[in-house]
Amino acid sequence: MLEKSYDPHAVEKRWYAFWEEEELFEAKEKSSAPAYSIVIPPPNVTGVLHMGHALNNTLQDVLCRYRRLRGDNVLWMPGTDHAGIATQNVVEKKLAEEGTDRHRLGREKFIEAVWAWRKKYGSAIINQLKRLGASCDWKRERFTMDEGLSRAVRKVFVELYREGMIYRGDYIINWCPRCRTALADLEVEHEVHEGHLYHVRYPAETGEGGLVVATTRPETMLGDTAVAVNPEDERYQNLPFAAVRLPLVGRILPIIKDDYVDRAFGTGALKITPAHDPNDFDIGARHNLASVKVIGDDGIMTKEAGRFVGMDRFACRKAVVEALKKEGLLEKMEPYQHGIGHCYRCRTLIEPNLSRQWFVRTKPLAEKAIAAVETGKTRIIPEVWTKTYFDWMRNIKDWCISRQIWWGHQIPAWTCASCEEVTVSMETPAKCSSCGSDRLVQETDVLDTWFSSALWPFSTMGWPEETSLLKTFYPTSVLVTGFDILFFWVARMMMMGLHFMKEVPFHDVYVHALVRDEMGKKMSKSSGNVIDPIDIIEQYGTDAFRFTLVAFAAQGRDIKMSEKRVEGYRHFMNKLWNAARFSLMHIEKELPVSDPETLSLPDRWILSRKNRVAGEIAEALDTYRFNDAAGILYQFVWHEFCDWYIEIVKPVLYGKVNEKKKLETQAVLGHVLGEVMILLHPFAPFISEEIWNKLPGVTGSIMKARFPGDSKDSIDGFFDPSSESRMMRIMEIVSGVRNVRGEMGLPPSMPLEVVIHANDAELLDSLQNHRDILVSLAKLKELSLSVDGPKPKMAATTVVDGATVFTLLKGVIDFSKEGQRLEKEIGKLTGEMGILSAKLNNEDFLRKAPPEIVKKAEEKHELMVERQQKLETNLRRIQEIIR
RNA sequence: AGGCACGUAGCUCAGUGGGAGAGCACUACCCUGACACGGUAGGGGUCAAGAGUUCAACUCUCUUCGUGCCUACCA
């Protein structure tokens, strides 16, 4: 016998190990079964599992386990990415604790240290995914820095370079002075800050007058090389001078005219710092201005900053402002809000900085990626994200892919020390491709981590080799991801996949929600509202946690996570456990289910319902309506299987009917329980496997079972609407009597006497055949059934379609209560009828509404009238009794 | 600045051009031989506000208010 309540811990460990041993997660390279593949969004190797991962991977696992049950050959490709900046940060911190740093170690030794770190800590998140139940094909686990994937990266770089799609140049880029590297535009997060707008007078070169410029970053003025005004601006049409003198520095700045300048902003005069502002950089290029870099890569002022050299950029701002004040050139200083970029890794203020970097020309790649979604080769679900995808793709800018760190794929480019030509190649070249010199120096920069992640769907499958894995599983079936990396990752995979594989990387992209805290705030370490998935798993079990995530994963809506909710679904797990406990107490051995046509009504009903529900769940999962799938299953298990079927079947199982029925019922109960476990398995893999294996006659994993409906046998294909509706009638009557019991305050311990008048012959027949159900579920001591007859005098009345149910109230009862109950019932009914009859009295409705709608309304109205009449008759009778 | 989503029961959320739903919470009764992590019954909503389209609007359109999020080079 099963324990009284479900204890997840031992069960989870045991089954996960079993699945791995039995190689049940492994994909077949070749198979006649349909291929289904997903590549995992590779978590950072430095990462620990957070709620976002938990949701993301639960959904993927649901899909993978579901497809396996449907008979597909499933590949769920796992792995991690090397997270260049993040990992380097972690290891550098560790070195600092040890009193050293990477420069003292040197590049080679440092890389070794990172690999050592990865060996020791890099599988933390993988182990956490296993606790979540993730059924990844672990033997194929990949890492973006693996030999194979690195070769793919090099190949892609070389090919893009040869095609002219990669170039190097001096441009203004986002620079993180703390990480000491360039960042892509996407890696900069904007945040509104309270700052100041400083109005600074730049005296005319002639000495008389001058211009006032407005800036939020006065320290950059040291690098100004011009002042710009709008060509249309009348104020500056006929200036008596052509140049101004840069305060604190003394450099003469030309006054240039450019459309970019907004006349309405500030004074309409804009200082131009090509080395430290992206717009100024463009303007500088247009006007051939010099660039003066006054802030170094370390965030310290360079010697170009004159007397401010060596100052930190923030200290320098203060010093510049003070100096300007002293010279009387600071005209105004007003509070000002403006967006400032921060490094997405370390939150340091980004410095737009002039530097030499490598870029990918994205426009041509983006065009193909746009077309693929336009033509439906890749679908984005939910569709709302399609627009976001297009917007970004159509406004895409070149992608800065070089990073000034050590941990990553070193760019395969060599500069010749003799002729300065660049050689790009797969293998380390011996000689300069231009002049033949052997004095080659490799580029020290590494590539953006996302550059390698962009190749993930095919690099993990062995590309550039033409592997059978690629043939079988590329394009992948679906990518499951959060919208936060739609651009970072999804868009780039689309571009690279289409360019190198000539085929989209995935047919579907399912974009899921964010997991927030119960107040709806984003979980973050700094807010202290992070819930650790592993804590939840330990407290409530993996299955309850997974079910919670799935049940709340409605399309387009964020999930507010709280322990309370998980607790609710733990109750569901316990309910399942106890349903199994009960069932298994009554099933001694495996029994074949008889031909459904010969079975009893409740058996036919539950089989038919189970099959219908299986179909609904399949449909929901096929369309990524995860929450619907979970909801349908929950409802069926709890409120049909447990509340009704098990209750109905108890007398049979306790041997109160006959042996043959008992065996038949045991067979059906066992069958439905097993099928429920299969339906449950994608969501709650552990408990379903545990219970499955307790079923008599079962050997081996539930993972090898077939989804209901797929076996195409007579039981799985059994649908019986007539039994469904007949059972519904019986349940209605039971509920009706229970309602009387509850409302009238009749104790559950008191068996009741019920008289039913059913003028519907079929219903009467059905009730006569199943009077045992009514007696047991409504707790009756006597039940009389007839077409008609004398109405019992002292009774409460329930009216259902085709029958009137009298619950006898002889003796103990307060009849005014029954009067009130009937009045309430009639009141409800009258309200509904009012709306309906108004409709039916409306000429336009009768004329314009579709006939079937009108007919439905008429039928309904008729039933209501009948019901109302019956209720009123009985109300009058009750009132007479009271009087 | 532009764009996108969301406002439905006390809370968290499903839902749809023709009968307002679930879970939790709440109330009453019940230790009924699977389960008190349970059972039975019950109360509770002008579906944010206003206008329009329609025979019919919670659902479609517009406006307003409120709440989130994303994108953007305005110094």
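We name chains A, B, ... by the order of the sequence lines, and we start the count at 1 in each one.
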Open item on the list: Taking atom CD as the centre, does A:Glu843 end up with more than 12 heavy-atom neighbours from other residues, nucleotides or ligands that are less than 6.0 angstrom away?
Closed with: no
TODO: Sequence neighbours left out, what passes ring-ring contact (aromatic ring centres under 6.0 Å, His included) with A:Tyr389? Give chain and number order.
DONE: none
- [ ] Tell me what A:Asp282 touches on the nucleic acid: a base, only sugar-phosphate, or nothing, going by heavy atoms under 4.0 Å.
- [x] nothing
Task: Residue A:Met728 excluded, over 12 heavy atoms near CE under 6.0 Å - done: no
Task: Side chain of A:Arg565 (C-beta onward), nearest among B:U12, B:C24, B:G39 - done: B:U12
Task: Check: A:Lys575 side chain, B:C35 base, donor-acceptor under 3.5 Å - done: yes
Open item on the list: Using whole Å, what does the distance between atom P of nucleotide B:C4 and atom CG of A:Asp484 come to?
Closed with: 21 Å
Open item on the list: Suppose we define a pair by two distances each less than 3.5 Å, Watson-Crick or G-U wobble; what does B:G18 pair with here?
Closed with: B:C55
Task: Minimum-distance nucleotide to A:Cys642 side chain [options: B:U12, B:C29, B:A34] - done: B:A34
Task: Strand partner of B:A1, provided both Watson-Crick or wobble distances fall under 3.5 Å - done: B:U71
Open item on the list: Is there a side-chain contact between A:His639 and the phosphate of B:G23, meaning an N or O under 4.0 Å from OP1 or OP2?
Closed with: yes
Open item on the list: Looking at B:G38, which nucleotide sits across from it as a Watson-Crick or G-U wobble partner, both distances under 3.5 angstrom, or is there none?
Closed with: B:C30
- [ ] Name the pairing partner of B:G44, where a pair is Watson-Crick or G-U wobble with both distances under 3.5 Å, or state none.
- [x] none
Task: Short side-chain N/O contact to B:A36 OP1/OP2 from A:Lys4, under 4.0 Å - done: yes
Open item on the list: What is the separation between atom CD on A:Glu859 and atom P on B:G18, rounded to the nearest whole Å?
Closed with: 18 Å
All N/O pairs under 3.5 Å across the protein-nucleotides 73-75 of chain B interface:
residue: B:C73; atom: OP1; partner: A:Lys397; partner atom: NZ; Å: 3.3
residue: B:C73; atom: O2'; partner: A:Asn279; partner atom: ND2; Å: 2.5
residue: B:C73; atom: N1; partner: A:Asn279; partner atom: OD1; Å: 3.3
residue: B:C73; atom: O2; partner: A:Tyr260; partner atom: OH; Å: 3.4
residue: B:C73; atom: O2; partner: A:Asn279; partner atom: OD1; Å: 2.7
residue: B:C74; atom: O2; partner: A:Asp262; partner atom: OD2; Å: 3.2
residue: B:C74; atom: N3; partner: A:Asp262; partner atom: OD2; Å: 2.7
residue: B:A75; atom: OP2; partner: A:Tyr336; partner atom: OH; Å: 2.8
residue: B:A75; atom: O2'; partner: A:Ala214; partner atom: O; Å: 3.2
residue: B:A75; atom: N6; partner: A:Asp262; partner atom: O; Å: 2.7
residue: B:A75; atom: N6; partner: A:Phe265; partner atom: O; Å: 3.1
residue: B:A75; atom: N1; partner: A:Asp262; partner atom: N; Å: 3.2

Open item on the list: What I want to check is whether an N or O donor and acceptor connect the side chain of A:Glu832 with the base of B:A20 at under 3.5 Å.
Closed with: no
Open item on the list: Please give the distance between the P atoms of B:A36 and B:U32 as a whole number of Å.
Closed with: 10 Å
Task: Same-atom distance (C1') from B:G50 to B:G7, integer angstrom - done: 15 Å
Task: Worked verdict on A:Tyr569 versus A:Phe545 for ring pair (Phe, Tyr, Trp, His ring centres under 6.0 Å) - done: CA-CA 7 Å; A:Tyr569 286 99; A:Phe545 177 48; over 10 Å; no
Open item on the list: How many whole angstroms separate atom CG of A:Asn627 from atom P of B:U12?
Closed with: 17 Å
Open item on the list: OP1 or OP2 of B:C35 versus the side-chain N and O atoms of A:Ser5: is any pair under 4.0 Å?
Closed with: no
Task: Nearest-angstrom distance from the residue atom CE of A:Met744 to C1' of B:A28 - done: 15 Å
Open item on the list: When both hydrogen-bonding distances must be under 3.5 Å and the geometry is Watson-Crick or G-U wobble, what is B:C6 paired with, if anything?
Closed with: B:G66
- [ ] Please tell me which of A:Met573 and A:Lys828 maps to the more 5' nucleotide of RNA chain B, matching each residue to the nucleotide holding its nearest heavy atom.
- [x] A:Met573
TODO: Could you work out the separation of B:G21 and B:G43 based on their P atoms and round it to a whole Å?
DONE: 12 Å
TODO: Look at A:Trp638 and B:G39 and indicate whether a side-chain polar atom (N or O) is within less than 4.0 Å of OP1 or OP2.
DONE: yes
Open item on the list: Regarding A:Phe572, tell me which of base, sugar-phosphate or nothing describes its non-hydrogen contacts under 4.0 Å with the strands shown.
Closed with: nothing
Open item on the list: Can you give me the closest heavy-atom contact between A:Leu673 and A:Ser583, atom names plus distance?
Closed with: CD2-CB, 3.8 Å
- [ ] Could you check how far CG of A:Leu846 sits from P of B:G18, rounded to whole Å?
- [x] 18 Å
Task: Phosphate contact (B:C13 OP1 or OP2) by A:Lys560 side-chain N/O below 4.0 Å - done: yes
Task: Rounded distance (nearest 0.5 Å) linking atom NZ of A:Lys271 with atom CG of A:Leu246 - done: 8.5 Å
TODO: State, without any angle test, whether A:Arg217 and A:Thr215 hold a side-chain donor-acceptor pair at a distance under 3.5 Å.
DONE: no
Task: Shortest side-chain distance from A:Phe845, nucleotide among B:G18, B:A34, B:C24 - done: B:G18
Open item on the list: Can you see if the side chain of A:Asn574 gets near the phosphate of B:G38 - specifically, an N or O under 4.0 Å from OP1 or OP2?
Closed with: no
Task: Exercise: do A:Tyr260 and A:Asp282 side chains pair donor with acceptor under 3.5 Å - done: no
Task: Under 3.5 Å: donor-acceptor pair, side chain of A:His276, backbone of A:Val294 - done: yes
Open item on the list: Between C1' on B:C37 and CG on A:Asp543, what's the gap in Å once rounded to a whole number?
Closed with: 15 Å
Task: Interatomic distance, A:Leu653 CG vs B:U32 P [rounded to whole Å] - done: 19 Å
TODO: Would you indicate what A:Ser735 reaches in the nucleic acid, counting non-hydrogen atoms under 4.0 angstrom: base, sugar-phosphate, or nothing?
DONE: sugar-phosphate
Task: Minimum-distance nucleotide to A:Glu743 side chain [options: B:G42, B:G43, B:A5] - done: B:G42
Open item on the list: By nearest atom, which of the nucleotides B:U32, B:G42, B:U71 is closest to the A:Asn739 side chain?
Closed with: B:G42
Open item on the list: If you compare every side-chain N and O of A:Lys650 against the phosphate oxygens of B:A34 (OP1, OP2), does one of them come in below 4.0 Å?
Closed with: yes
- [ ] By nearest nucleotide on RNA chain B, pick out whichever of A:Asp643 and A:Ile835 is the more 5' one.
- [x] A:Ile835
Task: Options B:A25, B:G23, B:U40, nucleotide nearest the side-chain atoms of A:Arg738 - done: B:U40
TODO: Describe the nucleic acid contact of A:Asp628 in one word from base, sugar-phosphate, nothing, applying a heavy-atom distance below 4.0 Å.
DONE: sugar-phosphate
Open item on the list: Taking any heavy-atom pair under 4.0 Å as a contact, classify A:Pro850: base, sugar-phosphate, or nothing.
Closed with: base
Task: Side-chain N or O of A:Lys839 closer than 4.0 Å to phosphate OP1/OP2 of B:G19 - done: yes
Task: C1' gap between B:C70 and B:U8, integer Å - done: 26 Å
Open item on the list: Please give the distance between the P atoms of B:A48 and B:G15 as a whole number of Å.
Closed with: 15 Å
Open item on the list: What is the distance, to the nearest angstrom, from the CG atom on A:Leu486 to the P atom on B:C69?
Closed with: 18 Å
- [ ] When you get a sec, tell me which of B:G3, B:C55, B:G42 is the closest nucleotide to the side chain of A:Lys824?
- [x] B:G42
Task: Polar contact flag, side-chain donor to acceptor under 3.5 angstrom, A:Tyr344-A:Glu187 - done: yes
Task: Geometric cation-pi criterion, A:Lys650 with A:Phe582: 6.0 Å, 45° - done: yes
Task: Interatomic distance at P, B:A51 relative to B:U16, whole Å - done: 26 Å
